[in-house]
Amino acid sequence: MGQPESGEHRAAGESALPPGQRLQRGWPVTHYGPVPKFRPERWEFQVFGATADGGKHSWNHTEFSALPFSTVVADLHCVTKFSMLGAEWGGVLARRLVELAPPAPDATHVMVWAEYGFSANMRLSDFASDRAVFATHKDGELLTAEHGFPVRLIVPHLYAWKGPKWVRGVEYMTADRRGFWEERGYHNIGDPWAEQRYSYQEEPGDGPEL
Ligand SMILES: Nc1nc2c(c(=O)[nH]1)N[C@H]1C(S)=C(S)[C@@H](COP(=O)(O)O)O[C@H]1N2
Ligand SMILES: [Mo]
């Protein structure tokens with residue numbers, strides 16, 4: 001069966017568990033490596049790669065904090081099978097950044113880059129979908145350091161590893177390339193509703209050769 005390009009399987013805020021997931025009370029911390037220290041004077045958010053004007057766009061922390069603020073109610077599904085439902089994420093919509101720093105017409109995918117070189121790739125259509133948000137807040141409060149302060153990505157319709165914490169930039173790409181976990185056995189697309197957990201489940205066309 002074909003997968004939707006950018007699946008919206010239910011209305012915003014409606015709670016349901018994707019197959020194989022269980023409800024988690026509270027909010028565990030899950031990541032690889034240490035929690036980076038935030039240095040506001042050195043922090044910069046960049047959009048680069050295949051941009052429409054060929055240039056790099058960057059925002060310092062003050063500028064990024066002044067971008068239009070939106071909220072999205074969305075769940076978080078970890079591939080290790082816990083889900084957290086109904087959080088309200090506040091921040092900058094990914095599609096707003098796409099408007100401010102548009103991709104070249106031949107850009108098809110993005111790599112979202114975080115501190116220490118962590119990365120996650122996705123289709124530009126997943127990235128620019130309605131509800132993907134660079135969150136600075138959860139339920140009205142600033143994110144804590146271990147949950148990704150100052151900025152993390154939430155892509156509600158993909159597994160949570162597609163949402164890097166401590167994001168520093170977005171690279172527009174004209175061909176797909178695997179990110180950190182996608183190179184290490186996780187599915188290149190990562191739709192939890194289709195249980196796309198592992199790379200061995202990929203079908204031809206789901207991702208670049210491993
Ligand atoms: N930079 C970074 N972001 C990351 C990860 C990581 O290892 N490094 N892990 C991802 C995974 S697998 C999950 S489930 C979520 C967990 O977010 P949380 O710790 O806020 O619950 O963060 C994602 N973002
Ligand atoms: Mo995860």
Side-chain angles (χ1 to χ4, degrees), residues 15 17-39 42-47 61 64 71-92 94 97 110-122 126-127 129 131-171 177-202 207:
S15 289
L17 280 176
Q21 294 296 109
R22 60 189 145 67
L23 190 62
Q24 173 83 40
R25 308 244 166 240
W27 189 12
V29 172
T30 314
H31 59 263
Y32 176 83
V35 174
K37 189 167 164 59
F38 174 55
R39 293 185 178 83
R42 286 202 220 155
W43 191 91
E44 214 183 23
F45 188 106
Q46 297 192 338
V47 178
H61 190 244
F64 192 88
T71 58
V72 172
V73 174
D75 309 334
L76 189 137
H77 307 296
C78 177
V79 70
T80 64
K81 301 199 168 177
F82 74 79
S83 291
M84 181 177 75
L85 300 183
E88 185 197 80
W89 306 98
V92 182
L97 283 181
V110 305
M111 190 73 79
V112 181
W113 288 100
E115 301 284 358
Y116 301 134
F118 183 85
S119 60
N121 62 309
M122 68 200 75
D126 289 321
F127 180 75
S129 61
R131 297 167 64 230
V133 57
F134 285 98
T136 53
H137 291 70
K138 178 190 165 273
D139 296 323
E141 304 206 349
L142 266 187
L143 291 175
T144 57
E146 69 266 26
H147 286 301
F149 179 82
V151 184
R152 72 171 305 159
L153 180 62
I154 296 290
V155 187
H157 67 283
L158 299 179
Y159 281 117
W161 87 77
K162 294 286 190 180
K165 305 193 275 193
W166 316 296
V167 178
R168 292 295 299 276
V170 176
E171 178 186 0
R177 226 164 67 219
R178 288 176 189 268
F180 183 88
W181 288 119
E182 294 81 5
E183 274 186 336
R184 290 169 175 76
Y186 287 103
H187 197 285
N188 192 57
I189 296 173
D191 177 353
W193 300 94
E195 270 205 277
Q196 294 176 329
R197 295 179 191 274
Y198 309 111
S199 52
Y200 65 74
Q201 300 171 298
E202 288 175 17

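All residue numbers refer to positions in the sequence shown, counting from 1. What you are looking at is a predicted structure, and each value in this text was computed from that prediction instead of being measured. In listed order, ligands and their atoms are each counted from 1.
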Fill in the blank from the handout: Quick note on ligand 1: atoms under 4.0 Å from a heavy atom of Val29 include exactly 19 (O)

Exercise for the section: May I ask you to decide if the ring planes of Phe45 and Trp43 are parallel, tilted or perpendicular, using 30° and 60° as cut-offs? Expected result: tilted

Exercise for the section: Indicate, as side chain, backbone, both or neither, the part of Tyr32 found under 4.0 angstrom from ligand 1 when only non-hydrogen atoms are considered. Expected result: both

Exercise for the section: Just need the protein heavy atom nearest to atom 9 (N) of ligand 1, so name the residue and atom and give the distance. Expected result: Thr30 O, 3.5 Å

Problem - Value rounded to 0.5 Å, distance of CZ in Phe64 from CZ in Phe134 - result: 6.5 Å

Problem - Nearest protein heavy atom with distance in Å, relative to atom 19 (O) of ligand 1 - result: Lys165 NZ, 2.5 Å

Exercise for the section: Taking the side chain as every heavy atom from C-beta outward, state whether Asn121 and Lys162 have any atom pair closer than 4.5 Å. Expected result: yes

Practice task
Among all protein heavy atoms, pick the one closest to atom 2 (C) of ligand 1 and tell me residue, atom and distance.
Solution key: Phe118 CD2, 3.4 Å

Handout entry: Side chains of Leu85 and His77 in contact at under 4.5 Å (non-hydrogen atoms)
Key = yes

Practice task
Please determine if His31 has a nitrogen or oxygen closer than 3.5 Å to a nitrogen or oxygen of ligand 1.
Solution key: no

Exercise for the section: Check if Pro28 has a non-hydrogen atom at a distance under 4.0 Å from any atom of ligand 1. Expected result: yes

Exercise for the section: Would you confirm whether Arg168, through its side chain, and Gln46, through its main-chain N or O, come within 3.5 Å as a donor-acceptor pair? Expected result: no

Problem - Polar contact flag for Leu76 and ligand 1 (N/O pairs, less than 3.5 Å) - result: no

Problem - Side chains of Val170 and Phe127 in contact at under 4.5 Å (non-hydrogen atoms) - result: yes

Practice task
Within a distance under 4.0 Å of any heavy atom of Trp27, pick out the atoms of ligand 1 and give their elements.
Solution key: 18 (P), 20 (O), 21 (O)

Handout entry: ligand 1-proximal atoms of Phe180, by part, heavy-atom distance under 4.0 Å
Key = neither

Problem - Proximity to ligand 1 by part of Trp166, non-hydrogen separation under 4.0 Å - result: side chain

Problem - All ring pair (Phe, Tyr, Trp, His ring centres under 6.0 Å) counterparts of Tyr198, not counting sequence neighbours - result: Tyr186, Tyr200

Exercise for the section: Return the residue, atom name and 0.1 Å-rounded distance of the protein heavy atom closest to atom 12 (S) of ligand 1. Expected result: Trp161 CB, 3.6 Å

Practice task
Run the contact test for Arg152 against ligand 1 with a 4.0 Å cut-off on heavy atoms, strictly below, and give the result.
Solution key: yes

Exercise for the section: Among Glu171, Glu183, Glu182, find the one that has a salt bridge (charged side-chain N to carboxylate O under 4.0 Å, His left out) with Arg177. Expected result: Glu171

Acceptor/donor pairs from residues 17-37 side chains to any protein atom, 3.5 angstrom cut, sequence neighbours excluded:
| from | atom 1 | to | atom 2 | distance (Å) |
| --- | --- | --- | --- | --- |
| Gln21 | OE1 | Arg197 | NH1 | 3.0 |
| Gln21 | OE1 | Arg197 | NH2 | 3.0 |
| Gln21 | NE2 | Cys78 | O | 3.1 |
| Gln21 | NE2 | Phe82 | O | 3.1 |
| Gln21 | NE2 | Ser83 | OG | 3.0 |
| His31 | ND1 | Lys165 | NZ | 3.1 |
| His31 | NE2 | Gly33 | O | 3.3 |

Handout entry: Gly163 neighbourhood, listing ligand 1 atoms whose heavy-atom distance to it stays under 4.0 Å
Key = 23 (C), 24 (N)

